[in-house]
Amino acid sequence: MASGKVCQHVVAENLRKPTPLDSVYREDCTQCFDSIDEPAGLDVCLKCFNGGCNGIYNHAQAHYTSSEHPLVLNIRRVRKVVVRDEPPLKMSKLQINAETEADRYDTILTLNCRACNETDLDKSNELVEPVISAVMKAATFATKQEIVAWSNEIRQCEHITALISLDEEQAKNNQAFEKNQTLRNGEEGMAVDSPEQNGQADKKVKRFESSNLNKCSQCTLTQNLWLCLTCGNVGCGRDQSYGGLVADAPKGNGHASAHGADKEHHLNVKLGSLSYGETPDVWCYACGDKDNDGKTRGNETTHPDLFDFLERNGLNVRERQKTEKSLVESQIELNLKQWNFSMTNQEGKEATPLFGPGLTGLRNMGNTCYLASILQCLYDIPAFQKRFNLPADQVPHPAEDLETQLRKVADGLLSGRYSNPDSDLMISEHSSELPYQKGLTPAMLKHLIGRDHEEFSTSRQQDAYELMQHLLDKIATLQHPKEVGNPSEVFRFAMEQRLQCRSCFKVRYTTENHENLLVNVPVDKLPSQGEEKDIYRPVPLKECLDILTAQEDVDLKCSYCGSDGFTKRQLFKTFPQVLVIVARKIMETTPYNYVKVDVPVIVDDGPIDFDAYFSTGKQPGEDLLEDDPKPKGPAFDPNPTALGQLTDMGFPEGRVIKALFHTGNSDLNAAMEWIMAHMDDEDIDGPLQTAPAENSSDSIVKEEDVQNLLSWGFDEQTIRKALFKHGGDVQTAANGILEGNSYDDVTLPEPKKNDGKAQPNELPGSTDRPAKFQLQSIVCHKGNSIHAGHYVAFIRKQIDGKPSWVLFNDEKVAVGVDAEEMTKSAYVYFFKRV
């Protein structure tokens, strides 16, 4: 019942209904993680839909002060008491469950005015009621971003485009025929042609009208049913239990795919995933990669007009409700089950959950464990705590401000305010379930990190190491206070490379700045002892460092004596405050096909001395090679055979060299076509520019090319140098690396960024010794590829006054229980200097 209170500020200019383009922040505060579950609820601005808390920071009041938007809808959610004897099913998208939110919660809505401090205003006002209704029905920010992430992942294929386009055209033709028939019916004796006589199919018989949608046409299964979009056949899908790993997965005999192969009907929609307004599962058997037996695997696809197509052909989508897990939901559950980390101790008991400051979990938003693990490790570093654990400044759009969201996550993880047992569950005395945390949902930060990025904007699993690099680049663009600076500086150090000619013994020293160290882990498979999985020789970290810093022979021509052959060695010129080591455990299974393997890397628990890997620079008696005159760009040697053939054909040599440079330096026809296409270029006869005038590698070496070649198992610095030398040509760079070409003579220019990092003449890091480092945290990964599987973090924390390893497994935070898992699955190591 309305209270009847009125307020002078309840006028049209202070109210606005959200449109589909608006983000409605009605789950948690845009500046902290206080939510609608707090005792004071969340205030949603009825003009701009910002969500503000009423807690210790009172961001709702701060928003009113800066925006002068007076009217807010206070949303408060109260959990109904539920006694649960069995743990709830872990899902990361939509819960397929008969229990609705109304069954679980009471939601209390109050209309308040910040300008006159009136509360519990009349919500039935004709201006207010439709706005409140629209706010509560609008998709939340987190939901909208999730939809965008899934839609970014699924692509519309050519087969569904052709099918629906043809159907639309036939529908238009049929409508035109029926209209013509109606006009001609009034003319006596006028013959009327049928659609068949007009060369059209009879569209009055809709393809899905006669389909039995409740049962497979070839067996008795009534779940996991797929509807053929070509003919309306209903067949069961393939078994989705993955050997029992996915709970309650429906059975399947593969009759839908068999029908598709027999009739060459490629497209099917999963009936149990159909619900109006949501994206259903659509599978195309003609798309995707091929299996080892040559059969196409198929791919998910989509089409914006799918629902119109289904209804036009006799399937009433508006009356259907989703009843089964989607393919994505099944895959998420499979990842969590197949690659999950043990939460039990050696006695088989559940690991003890931990709570308190610095012990807050992050909820998995659907394949976001890679982000959660990196955030936990970064915010454990004092420099990041000092930089971002600050009160949020008031900005016009806090949800779209990276600085604000980084501070929000810092407060959420470090304050301990949200590190509490999940109050949604009341554990009975007969249940073994432990009350882990709900975990925080950093949806706004994920959106900002992934915005405009081809991979991080999707819902796919990503490489945690690549995510960290991308995030640090974004942090570098912020305005950092002078007193704290860019926290990424703690990672920066310099490596010095020493080259010595094997004939004249002259030497050259060069330095390069780094933020991490990539080490290749030797992969030595041990003889099988009857285990189901391959077992690999444990490798000490020292062995990896020894290999990285060992002297090796390289093929280079000496500019002093003209002979071929150098020795090369790289060592630390300076040491960082926090040393990040990335362990690459890659094994080539077939040519150019690499998989990640679980090789245990043994790391001492105490301080590790790195002094043996320190470069002392030029030694007495060493003669330095004079630096070669620096060309305007990287050297380019045209293919002599192609050069000779094209010049013999009458093309000017300068044009031929340009053509070979831009077409990969090998293809005669491609080079000739390039010359013909650029005959009218004003600079066709000018000098070849192999690098931009500002001598920066940024416009030659594209990050997407680097990431593509990294997946081949190549070293990142080698990739960048190869791309720079070959003018950004990916194929030529890849071929050069595969052929074993040395790129040690290529020096990459320092990127010119105003990012607070050390200038090129200033070496980052410190030369102080002894240089001792102790392992502080690890990002661990299980799976055959860094782009699949599951990530967690292990961090050394003080628990009950003594150091202990703590496992951060999404929202679960517990005492680390399995040291063997750490050694096998460790991927990114964070060592602090001690």
Side-chain angles (χ1 to χ4, degrees), residues 89 91 93-100 103 150 154 159-160 163-164 167 171 201-242 244-286 298-303 305-334:
L89 179 66
M91 291 186 62
K93 195 180 176 191
L94 299 174
Q95 184 78 24
I96 308 303
N97 199 319
E99 189 181 39
T100 66
D103 297 323
W150 297 119
I154 302 173
H159 305 100
I160 196 169
L163 176 71
I164 293 183
D167 186 80
D202 185 0
K203 286 292 168 294
K204 292 185 178 180
V205 179
K206 299 179 179 179
R207 67 182 81 194
F208 305 141
E209 277 187 332
S210 60
S211 300
N212 180 356
L213 304 181
N214 300 316
K215 175 181 167 298
C216 175
S217 62
Q218 300 297 314
C219 67
T220 60
L221 291 181
T222 57
Q223 287 185 303
N224 191 17
L225 300 180
W226 293 75
L227 175 69
C228 175
L229 296 183
T230 305
C231 69
N233 176 75
V234 175
C236 60
R238 292 172 283 207
D239 184 88
Q240 296 176 18
S241 66
Y242 301 96
L245 287 171
V246 178
D248 303 323
K251 297 180 180 180
N253 298 314
H255 289 135
S257 59
H259 167 81
D262 181 50
K263 302 293 185 181
E264 294 188 357
H265 293 175
H266 305 308
L267 295 159
N268 285 264
V269 63
K270 187 177 183 181
L271 290 169
S273 70
L274 282 173
S275 184
Y276 194 75
E278 298 181 13
T279 304
D281 287 335
V282 183
W283 194 262
C284 178
Y285 292 112
N299 259 347
E300 271 197 276
T301 187
T302 188
H303 196 284
D305 300 325
L306 175 65
F307 286 159
D308 292 339
F309 167 81
L310 294 173
E311 294 197 338
R312 194 164 54 240
N313 285 278
L315 183 60
N316 189 350
V317 183
R318 296 176 188 272
E319 294 183 356
R320 299 191 67 88
Q321 292 292 324
K322 184 178 177 187
T323 58
E324 299 178 18
K325 296 174 187 174
S326 70
L327 294 175
V328 172
E329 289 162 350
S330 296
Q331 184 61 49
I332 289 173
E333 187 172 348
L334 174 64

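Considering all non-hydrogen atoms of both residues, N253 and C236 come closest at N-SG, 3.3 Å. What you find for W226 and A256 is that their closest heavy atoms are CB-CB, 3.9 Å. Between C216 and G235, the closest heavy-atom pair is SG-CA, 3.8 Å. Minimum heavy-atom separation, E311 to V317: OE2-N, 3.6 Å. Between L213 and R320, the closest heavy-atom pair is CD1-NH1, 3.9 Å. In plain terms, the two heavy atoms of S275 and F307 that are nearest each other are O-CZ, 3.7 Å.
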Might you work through the side chain to side chain contact (heavy atoms under 4.5 Å, CB included) test for T301 and V282, ending with a clear yes or no? CA-CA 6 Å; T301 187; V282 183; 3.7 Å; yes
C284 vs N299, test: side chain to side chain contact (heavy atoms under 4.5 Å, CB included). Steps then yes/no. CA-CA 5 Å; C284 178; N299 259 347; 5.7 Å; no
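Formation of a donor-acceptor pair under 3.5 Å by the N224 side chain with backbone atoms of R238 is found in this model. The backbone N or O of N214 sits nowhere less than 3.5 Å from a side-chain atom of T222 that would complete a donor-acceptor pair.
If you take NZ on K322 and CG on D281, they are separated by 7.5 Å, rounding to the nearest 0.5 Å. The distance from atom CG of L229 to atom CD1 of I164, rounded to the nearest 0.5 Å, is 7.0 Å. Atom CG of L163 sits about 10.5 Å away from atom NE2 of H266, to the nearest 0.5 Å. Taking CG of L274 as the reference point, atom CG of L227 lies at 8.0 Å (rounded to 0.5 Å). Note that CG of N313 is 10.5 Å distant from OG1 of T230, once rounded to the nearest 0.5 Å. Interatomic distance, CG of N233 versus CG of N268, reported as 8.0 Å (0.5 Å rounding).
Among residue pairs with one or both ends in residues 258-271, those qualifying as salt bridge (charged side-chain N to carboxylate O under 4.0 Å, His left out) are K270-E324; sequence neighbours excluded.
Residues H259 and C231 form a side-chain contact, since some pair of their non-hydrogen atoms from C-beta on lies under 4.5 Å apart.
Checked against ring pair (Phe, Tyr, Trp, His ring centres under 6.0 Å), H255 has no partners two or more places apart in sequence or in another chain.
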